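What follows is a single structure, written as structure tokens, with notes after it.
Just so it is clear, the structure is predicted and the values come from calculations on it, not from any experiment. What you see below is based on every heavy atom in this structure, not just the backbone, and it leaves out hydrogens, waters and symmetry mates.
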Amino acid sequence: MATHHLKPDVDNVHWGYFDATRAPVLRVKSGDTVTIDTVTGSPDVVPDPTKFHVPPELADIHAKAKPEGPHILTGPVYVEGAKPGNVLEVRIKEVSLLQDWGFQIIVPLMGTLPHDYNEMIRVNIPCDLDRNVGIMPWGLELDLKPFFGVMGLAPPPGWGRISSIAPQSTGGNLDNKELVAGSTLYLPVHTEGGLFSCGDGHGCQGDGEVCVTAIETALRGTFEFIVRDDLTFTYPRAETPTHHITMGMDPDLDQCSIRALRDMIALLGEKAGLTHSEAYMLCSLAGDLHVTQTVNGSKGVHMMMEKKNFIR
């Protein structure tokens, strides 16, 4: 299978949206591996380039690309054979930082505490790549666990252009910190080729992402794309080496929990042959609901179930 490398120059990014009519910047076959570089941030968060490494593509993107939202996304990638009704299996092989800094912001009227701040707060966070830590302004060192906040496919053509902020059935701004290297994301395909894009690199993040941002940074990810015509589910799922993950996204956290739970019950039926009531009881005993994020309009909840429990 072929390997490819996609860089975030101004022609290869779209800023703040997903759109089925956007032309792909790369075409690959099912089974191919693609390394995708990403950048992040508006000009006001860029630190002194004499003190930190700033990806050279970022200034050109700032000068020439039109922002329609917060996320600078690299792509889209067209995967041959991906058709509506299929599922695209995205194996996350590697994730690494492309710069030695990140940023974090608090925005009035946004986040989990929207009315607690009347002015925007911005901080730059140095990242020691040798020791794999981010250094907070007061000296605390946090282990870096990089992942992409946004990984998604284009919406159905009839949706038109959609914002990258709210996660959807197409994936997008999932902000799920479990999706590190070694994990796999499954995305329902809604348009020919799938049209995969990613960005919103995170150095680390807590479940909730309560102030709107993680350590926002530039990442390089290596992905293997596999078209699955044997899968028919219509909502994102994922797995780690040890767990299966289902997801729910909605403005109401209760509805998020219900969706993630229903999908886990369905998954247990598919993989373990459990009845609905058996799976429901097992989820109460061994399933863990996590609040993925509470800040993207549609909030997120994911349920995790250890793979060893998928044995009848």
Side-chain angles (χ1 to χ4, degrees), residues 16-18 38 40 69-71 73 87-88 90 92 95 104-107 109-114 145-155 159 162-180 183-188 190 196-216 219 221 233-240 242-267 283 287-306:
Y17 65 88
F18 287 92
T38 66
T40 194
H71 306 120
L73 306 178
V87 169
L88 186 64
V90 182
I92 305 166
V95 182
Q104 194 171 25
I105 59 175
I106 296 173
V107 183
L109 303 181
M110 295 181 66
T112 310
L113 303 175
K145 300 175 182 178
F147 71 97
F148 290 92
V150 175
M151 293 180 284
L153 304 183
W159 287 16
I162 64 171
S163 170
S164 64
I165 294 175
Q168 308 275 356
S169 61
T170 54
N173 194 22
L174 298 172
D175 285 331
N176 190 322
K177 72 175 188 176
E178 304 296 335
L179 300 179
V180 295
S183 299
T184 300
L185 177 62
Y186 298 90
L187 295 171
H190 294 269
F196 176 89
S197 300
C198 65
D200 188 30
H202 291 174
C204 70
Q205 178 206 295
D207 279 337
E209 199 192 22
V210 293
C211 88
V212 180
T213 49
I215 294 181
E216 308 289 329
L219 294 183
F233 51 82
T234 60
Y235 217 70
R237 296 178 179 177
E239 63 177 289
T240 72
T242 57
H243 288 75
H244 286 292
I245 302 173
T246 54
M247 308 178 195
M249 285 87 78
D250 191 89
D252 186 322
L253 274 174
D254 287 342
Q255 294 304 312
C256 294
S257 300
I258 290 169
R259 179 65 193 245
L261 172 59
R262 288 193 187 280
D263 273 12
M264 184 59 75
I265 289 171
L267 185 59
C283 286
D288 292 315
L289 284 172
H290 295 258
V291 177
T292 321
Q293 53 78 22
T294 58
V295 296
N296 293 330
S298 287
K299 301 175 177 67
V301 167
H302 60 280
M303 173 166 269
M304 301 186 66
M305 178 71 71
E306 286 188 278

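The shortest heavy-atom contact between C283 and L261 is CB-CD1, 3.7 Å. Across every non-hydrogen atom of Q205 and A214, the tightest pair is CB-CB, 3.6 Å. Scanning all heavy atoms of the two residues, the minimum distance from D263 to R237 falls at O-NH2, 4.1 Å.
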Evaluate the side-chain contact (heavy atoms from CB on, under 4.5 Å) criterion for residues L185 and M247: first the C-alpha distance (whole Å), next the side-chain angles of each, then the deciding distance (0.1 Å), finally the verdict. CA-CA 11 Å; L185 177 62; M247 308 178 195; 3.9 Å; yes
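Relative ring orientation between F147 and H202 is described as perpendicular, the plane-to-plane angle rising above 60° on a 0-90° scale split at 30° and 60°.
Taking H71 as the reference, S164 meet the side-chain hydrogen bond (donor to acceptor under 3.5 Å, both in side chains) condition, with sequence neighbours excluded.
Here H190 contributes atom NE2 and W159 contributes atom CH2; the two are 5.5 Å apart, rounded to the nearest 0.5 Å. The CD atom of E178 sits 8.0 Å away from the OG1 atom of T242 when rounded to the nearest 0.5 Å. Distance check: L187 CG to M151 CE gives 8.0 Å after rounding to the nearest 0.5 Å.
Using a distance-only test at 3.5 Å, with no hydrogens or angles considered, no donor-acceptor pair links the side chain of T294 to the main chain of T112. With hydrogens and angles ignored, the 3.5 Å screen pairs no side-chain donor or acceptor of Q255 with any backbone N or O of L253. When atom types are taken as modelled, the side chain of Y235 and the backbone of T246 share no donor-acceptor pair closer than 3.5 angstrom. No donor-acceptor pair closer than 3.5 Å links the side chain of T40 to the backbone N or O of G201.
Proximity of D207 to K177: side-chain heavy atoms (C-beta onward) are separated by under 4.5 Å at one or more points. For the pair I165/P70, a side-chain contact is recorded, criterion being any heavy-atom separation below 4.5 Å from C-beta on.
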